[in-house]
Amino acid sequence: MTALTLSTAAAPGLRVDAIVVGVAKGAEGPVVAPGAEAVDQAYDGRLAAVLETLGATGAEGEVTKLPAPSGFKAPLVVAVGLGAQPEKDAGYDAEALRRAAGCAARALAGSQKAAFALPLADAADAGAVAEGVLLGAYTFDAYKDRGEGAKKGKGNGKAPLGEAALLGGRPRDKAYKAALERAVAVCEELNRARDLVNTPPNDLNPEAFAAIAQAAAKEHGIKVQVLDEKALAKGGYGGILGVGSGSASAPRLVKLSYRNSKAKKHLAFVGKGITYDSGGISLKPAGHNETMKCDMSGAAAVFAAVVAAARLGLEVNVTGWLALAENMPSGSATRPGDVLRMYSGKTVEVLNTDAEGRLVLADALWAASQEKPDAIVDVATLTGAMVLALGSRTFGIMANDDAFRSAVFEAAQEVGEQAWPMPLPEHLRKGMDSPVADIANMGERMGGGLVAGLFLREFVGEGITWAHLDIAGPAFNEQGPFGYTPKGGTGSGVRTLVRLAELTAAGDLG
Ligand code: BES
Ligand code: MN
Ligand code: ZN
């Protein structure tokens, strides 16, 4: 990952590959953002005019490269768009900084070192720029050419930006240092979640995922328990076993327990970890299979969030549950028409084997409930319906408690994750009535994301506050990179979960 430093150095004397400045969209053309004064002066105060000549407007996502002014040791200035200039006296929005820093870091792939002269009003802004750099510089090249070219960073794609100095950061200020450390811990784990999502499903089956979780947990003092297929059978985890039964790779349930001696609250995070979703016997048609390695994004997010909470030493107990299975068709696969006896004791008629996420989550939610945590949050690439409803950048939030749903929504907004509250309309429950079992795994087609949420609700222990994040849209970016979001796995949900753990530790949640 890109190495970060806080720096008080002046831009002209820096021996770096590029100086990054911010440019905003003002009423009468581009405006140079605070933090870049020294650069602007070296252009005789004409930087905004020079940028306008080059066609820059200050729009979000815009990157303009220009030769550095004379007297500068760096050869290049990179002007990155911040979007609309804030009202007078208002500062730049943390998310605008995060996105701009991400764009700049991406544009600087292949460079060794850059200095970021973006507007930093406080430590939180420094944290946002740090996150933007660390997330924007991410690349996944584990399966690319490892030959001579790649070693020189000239193979299949450029090496990520090596180092970033945040100018105007205060290296001796505790708040700035803490913000930077937090950004590094969260983004390192988030990027690891992206790696897991991007890893092809022939290399990441449930067993492999569990082994990675086990190793990381040990490294960070997190207690880990892995239930293999035998333990799952003994325990009666019919949902996880039913989904995994068609695969040559057996399912796993991983429990990660981070405990803090000063904790007053206990949060449980539950992640859908379908390492590949073919649909099973209800096979997905061609065109819907190619990206289904992303169906373990929820489990990857939970894993990352628990490890980040441990690294940050948050004063809260967090238990992560990874429900890992591969959904494949075969002679041993669950059939449409089968009835599964779930861990909770309820029976489920499987009408569609492609509605598998709710089956593995049901067992994990019930397992999580047995510890009576103060709240449970599950994260899942659960339904195509949620993608239709909210698009590919926004996740849906459902809950059995309106106040908690609002709190999760606010946490998401605080960290710059796009999310939206969704309802759980009672009348949709009867669509899942089954003639043979307690409930069917499918209901009305309309409102399919909410139907799935209602199904999950049945497997949350009595009286436990619960929220469900359907990240099917934002988990995997099939379009081009934007802001600090790369193509492929995005790490959706991680920052919201970490924020929830922080808020809970601070006593500001529930
Ligand atoms: N993993 C899919 C949902 C999904 C769709 C994730 C698009 C990411 C992108 C899930 O298991 C699924 O197949 N859901 C079905 C449910 C249906 C059969 C009730 C769906 O949404 O079509
Ligand atoms: Mn499916
Ligand atoms: Zn799925």
Side-chain angles (χ1 to χ4, degrees), residues 1-11 14 16 20 22 33-38 89-98 100-102 105 113-137 161 163-191 219-221 258-265 267 304-318 410-411 413-416 484 494-509:
M1 230 173 46
T2 311
L4 284 177
T5 51
L6 294 165
S7 168
T8 53
L14 288 171
V16 294
V20 176
E37 290 80 4
D89 300 331
Y92 282 84
D93 186 56
E95 179 62 4
L97 294 174
R98 205 177 278 118
K113 184 166 185 180
F116 284 69
L118 291 172
L120 303 183
D122 54 25
D125 286 352
V129 170
E131 285 174 19
V133 170
L134 297 173
L135 299 178
L161 173 65
E163 281 177 62
L166 309 193
L167 305 188
R170 301 184 189 166
R172 267 173 283 280
D173 185 315
K174 268 192 193 152
Y176 277 75
K177 281 198 280 189
L180 214 67
E181 275 169 32
R182 178 188 184 278
V184 170
V186 173
C187 296
E188 235 163 45
E189 297 314 318
L190 190 153
N191 282 339
E219 188 184 333
H220 297 286
Y258 163 63
R259 296 292 176 263
N260 186 289
S261 58
K262 292 190 186 143
K264 294 199 177 75
K265 298 270 178 186
L267 274 181
V306 175
V307 177
R311 285 180 59 168
L312 296 170
L314 299 183
E315 296 180 357
V316 55
N317 291 336
V318 184
E410 278 165 30
Q413 281 186 308
E414 258 188 85
V415 295
Y484 51 85
V494 173
R495 290 178 297 138
T496 297
L497 292 183
V498 172
R499 189 72 196 131
L500 285 172
E502 286 175 336
L503 289 167
T504 306
D508 293 335
L509 196 87

Inset, instruction - Answer yes or no: is there a donor N or O on one side and an acceptor on the other, between the side chain of R495 and the main chain of V186, under 3.5 Å? - result: no
Legend entry - Shortest non-hydrogen contact between A305 and L497, atoms and distance: CB-CB, 3.6 Å
Legend entry - Where Y484 and E95 come nearest, the two heavy atoms and their spacing: OH-OE2, 2.8 Å
Legend entry - Shortest non-hydrogen contact between L167 and A9, atoms and distance: CD2-O, 4.0 Å
Inset, instruction - May I ask you to test the L6-R170 pair for a side-chain heavy-atom distance under 4.5 Å? - result: no
Inset, instruction - Please round to the nearest 0.5 Å and tell me the distance separating atom CG of L312 and atom CD of E189. - result: 9.5 Å
Inset, instruction - Grab the two heavy atoms, one from A105 and one from A137, that are nearest each other, plus how far apart they are. - result: CB-N, 4.0 Å
Legend entry - Close side-chain approach of V133 and F116, heavy atoms under 4.5 Å: yes
Inset, instruction - Could you tell me the separation between the CG atom of L500 and the CD atom of E414, rounded to the nearest 0.5 Å? - result: 9.5 Å
Inset, instruction - Decide yes or no for L134 and L4: does some side-chain heavy atom of the first lie under 4.5 Å from some side-chain heavy atom of the second? - result: yes
Inset, instruction - Using distance alone, with no hydrogens and no angle criterion, decide if Y176 and E181 have a side-chain donor and acceptor under 3.5 Å apart. - result: no
Legend entry - Between CG on residue D508 and CD on residue E410, distance to nearest 0.5 Å: 11.5 Å
Legend entry - Test: E315 and K265 ion pair at under 4.0 Å: no
Legend entry - Side-chain (Y258) to main-chain (L314) donor-acceptor, under 3.5 angstrom: yes
Legend entry - Lys/Arg-Asp/Glu bridge criterion (N-O < 4.0 Å) met for R182, E502: yes
Legend entry - Backbone of N317 reached by a side-chain donor or acceptor of R259 within 3.5 Å: no
Inset, instruction - Output the distance between atom OG1 (T5) and atom CD (E163), rounded to the nearest 0.5 Å. - result: 7.0 Å
Inset, instruction - Over all heavy atoms of both residues, which pair between P34 and Y92 is shortest? Give the atoms and the distance, please. - result: CD-CE1, 3.8 Å
Inset, instruction - Look only at the side chain of S7 and the backbone of L166, and say whether a donor-acceptor pair between them is shorter than 3.5 Å. - result: no
Legend entry - D125 vs P119 side-chain heavy atoms within contact, under 4.5 Å: no
Inset, instruction - Would you check, one step at a time, whether the test side-chain contact (heavy atoms from CB on, under 4.5 Å) holds for V316 with N260? - result: CA-CA 6 Å; V316 55; N260 186 289; over 6 Å; no
Legend entry - Nearest non-hydrogen partners of L120 and G168, listed with the distance: CD1-C, 4.0 Å
Legend entry - SB check R311 E188 (cutoff 4.0 Å): yes
